[in-house]
Asker: 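Pasting a structure below so you can have a look.
These values consider heavy atoms only, across backbone and side chains, with no hydrogens, waters or symmetry-generated copies. Here is how names work: the chains are called A, B, and so on, in the same order as the sequence lines, proteins then strands, and each is numbered from 1. Because the structure is predicted, anything quoted here is derived from the model rather than measured.
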2 protein chains.
Amino acid sequence: MARNKYPEETINLILDISLKLFLSKGYDNTSIQDIIDGLGGLSKGAIYHHFKSKESILLAAYKRMSDIVEEQMVKIRDNQSLNGLEKLREMFMSSLKNLKQRDLIAVTPNLLENPKFLAIQMNMMIEEIVPRYIEPVIRQGLTDGSIHTDYPRELADVLILMSNIWLNPLIYPFTEENVADKIGFFNELTKSLGLSLLDKGMEQHLIDIQRKRKKQAKEIS
Amino acid sequence: MARNKYPEETINLILDISLKLFLSKGYDNTSIQDIIDGLGGLSKGAIYHHFKSKESILLAAYKRMSDIVEEQMVKIRDNQSLNGLEKLREMFMSSLKNLKQRDLIAVTPNLLENPKFLAIQMNMMIEEIVPRYIEPVIRQGLTDGSIHTDYPRELADVLILMSNIWLNPLIYPFTEENVADKIGFFNELTKSLGLSLLDKGMEQHLIDIQRKRKKQAKEIS
DNA sequence: TTATTTAATACCGACCGTCGGTATGTATAT
DNA sequence: ATATACATACCGACGGTCGGTATTAAATAA
């Protein structure tokens, strides 16, 4: 294949194919050859020219995926017209919407069967999302009076753990019947922590996500 | 090497070595050859006679490790003289003590760098611990009046998620200074959920675990 | 009971295909 | 002219298999 004048296209192509394969078959079960086969003529040399290892492809793919979320987070965090609590709400809504729109749900059978992905995500939560976005916003809430807690750091940890892990249907699968219970409990818990995070749209989003998953599961079987 | 009259000894030897290697170097970075080298004369044939794959060794090793915990869980769950809340407390204390005693802490640098282990543990929580032990005990608590909640299933999920993941120093590392905050927040949260799970011993256990980790980290460096 | 045969088990180690990764070569764009 | 974007042949390490052998346990015969 001829040399591409715009190598970024090649990089994105590699990331597209790889991400799709990693999500659908799992990282470990995806070989470099699988990626090459999906590349339409490009060879191993192309891959290892742009990436130094298989793992670095995974990291780049994940990063490209999460950059969109991060962008939104930055915007919300630095928005001058919202108080802390409002920012938290916005962040939750935004990550829910994102989960809904992403291809993720459409191809991944189960994140627990994709240990590498699970670990990356948890690491991202602990090292980036909480300290860079959630905790600062909670601390702002403490100052502007919209949030009350003695444990800003811990509150941030647990909120993210619940929303990103426990409310993630790719990790904790749930049925349409018990979505309401999940939301209900989450709502009760946040309220008793002095937050009121949920608005009406949230439940609908989760139900939509659930439906999308169910539909997908049917199509596969 | 001569044939062993008691093959269980061989099996346990394989599991001992493998578990140690998996925990210290990570599953992916441990080769079958590494295991063989630690076996003292036994060969690849021995391993593949007793186990059908590398992954099955991991599963067996994890199972053997968690069987002890499970045994204690069964005992507590089926103890006739405790109410639901008391059983929950016992279970938390027991799993804390266990974490403290296990070699785990002494060798594992970080569970996030051991994705396979992390995934197994999360899967165990969701598929076994919650439905078999935590949820039933909470439901008993509903009946005997020691626990009040509209969401037994969800409460069980989140309690285990917090104690096994968020309070696990191998996943969420913490320093001696913020142990108190973690405990404090956990205590506040459970109390506001109508539970009072912590007793005095718990904090000390967590501090001990933390100290053990710190000491270990020093010895390595 | 004891001796002999038979069958099952425990283990060895050479070998295989596949994998991630490398080295070197070549064509194209700047 | 030179740096870049690939192609391709190749490498060592990996997980796993397979035929073979030694040892034990079970079945049978004496």
Asker: State, to the nearest 10°, the angle formed by the axis through the first five base pairs of the helix from C:dT1-D:dA30 to C:dT30-D:dA1 and the axis through its last five.
Answerer: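 Comparing the first five pairs with the last five, the axes sit 10° apart.
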
Asker: Checking the side chain of A:Ser66 only, and the main-chain atoms of A:Val69 only, is there a donor and an acceptor separated by less than 3.5 Å?
Answerer: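 No, because the side chain of A:Ser66 does not come within donor-acceptor range (under 3.5 Å) of the backbone of A:Val69.
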
Asker: Check whether A:Arg77 reaches the backbone of A:Arg132 with its side chain - one donor and one acceptor, N or O, closer than 3.5 Å.
Answerer: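 Flag set: sc A:Arg77 to bb A:Arg132 pair under 3.5 Å.
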
Asker: Write down the atom of A:Ser94, the atom of A:Ile76, and the distance for their closest heavy-atom approach.
Answerer: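 Nearest heavy atoms, A:Ser94 then A:Ile76: CB-CD1, 4.2 Å.
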
Asker: Could you check whether A:Lys87 pairs with A:Asp78 (Lys NZ or Arg NE/NH1/NH2 to Asp/Glu carboxylate O, under 4.0 Å)?
Answerer: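 So A:Lys87 does not pair with A:Asp78 through a salt bridge.
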
Asker: Rounded to whole Å, how long is the line connecting atom OH of A:Tyr6 with atom P of C:dT30?
Answerer: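 Distance check: A:Tyr6 OH to C:dT30 P gives 7 Å.
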
Asker: Between A:Phe92 and A:Phe186, what is the ring plane arrangement, given parallel below 30°, perpendicular above 60°, and tilted in between?
Answerer: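 Tilted: the ring planes of A:Phe92 and A:Phe186 meet at 30° to 60°.
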
Asker: Check each residue of residues 46-64 of chain B for a non-hydrogen atom within less than 4.0 Å of any atom in DNA chain D, then write out the ones that pass by number, or none.
Answerer: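 DNA chain D contact set from residues 46-64 of chain B: B:Tyr48, B:Ser53, B:Lys54.
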
Asker: What is the distance, rounded to the nearest whole Å, between atom NZ of B:Lys5 and atom C1' of C:dA8?
Answerer: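 Going from NZ in B:Lys5 over to C1' in C:dA8 covers 16 Å.
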
Asker: Quick one: which of D:dC6, C:dA10, C:dC11 gets closest to the side chain of B:Arg3?
Answerer: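 Of the options given, the side chain of B:Arg3 lies nearest C:dA10.
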
Asker: Taking the side chain from A:Glu90 and the backbone from A:Met73, do they hold a donor-acceptor pair closer than 3.5 Å?
Answerer: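 Side chain of A:Glu90 to backbone of A:Met73: no pair is present.
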
Asker: Which donor-acceptor pairs under 3.5 Å do side chains of residues 22-29 of chain A form with protein atoms, sequence neighbours excluded?
Answerer:
residue, atom, partner, partner atom, Å
A:Ser24, OG, A:Lys20, O, 2.8
A:Ser24, OG, A:Leu21, O, 3.4
A:Lys25, NZ, A:Asn29, O, 3.4
A:Lys25, NZ, A:Asp34, OD2, 2.8
A:Tyr27, OH, A:Glu55, N, 3.1
A:Asn29, ND2, A:Lys25, O, 3.1

Asker: Indicate, with a heavy-atom threshold strictly under 4.0 Å, whether B:Ser31 touches base, sugar-phosphate, or nothing.
Answerer: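 Sugar-phosphate, no base atom in range.
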
Asker: Would you mind reading off the distance between B:Leu42 atom CG and D:dA22 atom P, rounded to a whole angstrom?
Answerer: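 Taking CG of B:Leu42 and P of D:dA22, I get 17 Å after rounding.
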
Asker: Give the rounded distance in Å between these two atoms: CD of B:Glu9 and C1' of C:dC11.
Answerer: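 Answer to the nearest Å: 15 Å.
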
Asker: For B:Lys44 and for B:Ile11, locate the closest nucleotide of DNA chain C by heavy-atom distance; then report the residue assigned to the nucleotide nearer the 5' terminus.
Answerer: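 That would be B:Ile11.
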
Asker: B:Ser43 side chain to B:Gly45 main-chain N or O, any donor-acceptor pair under 3.5 Å?
Answerer: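 Judged by distance alone, yes, a pair lies under 3.5 Å.
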
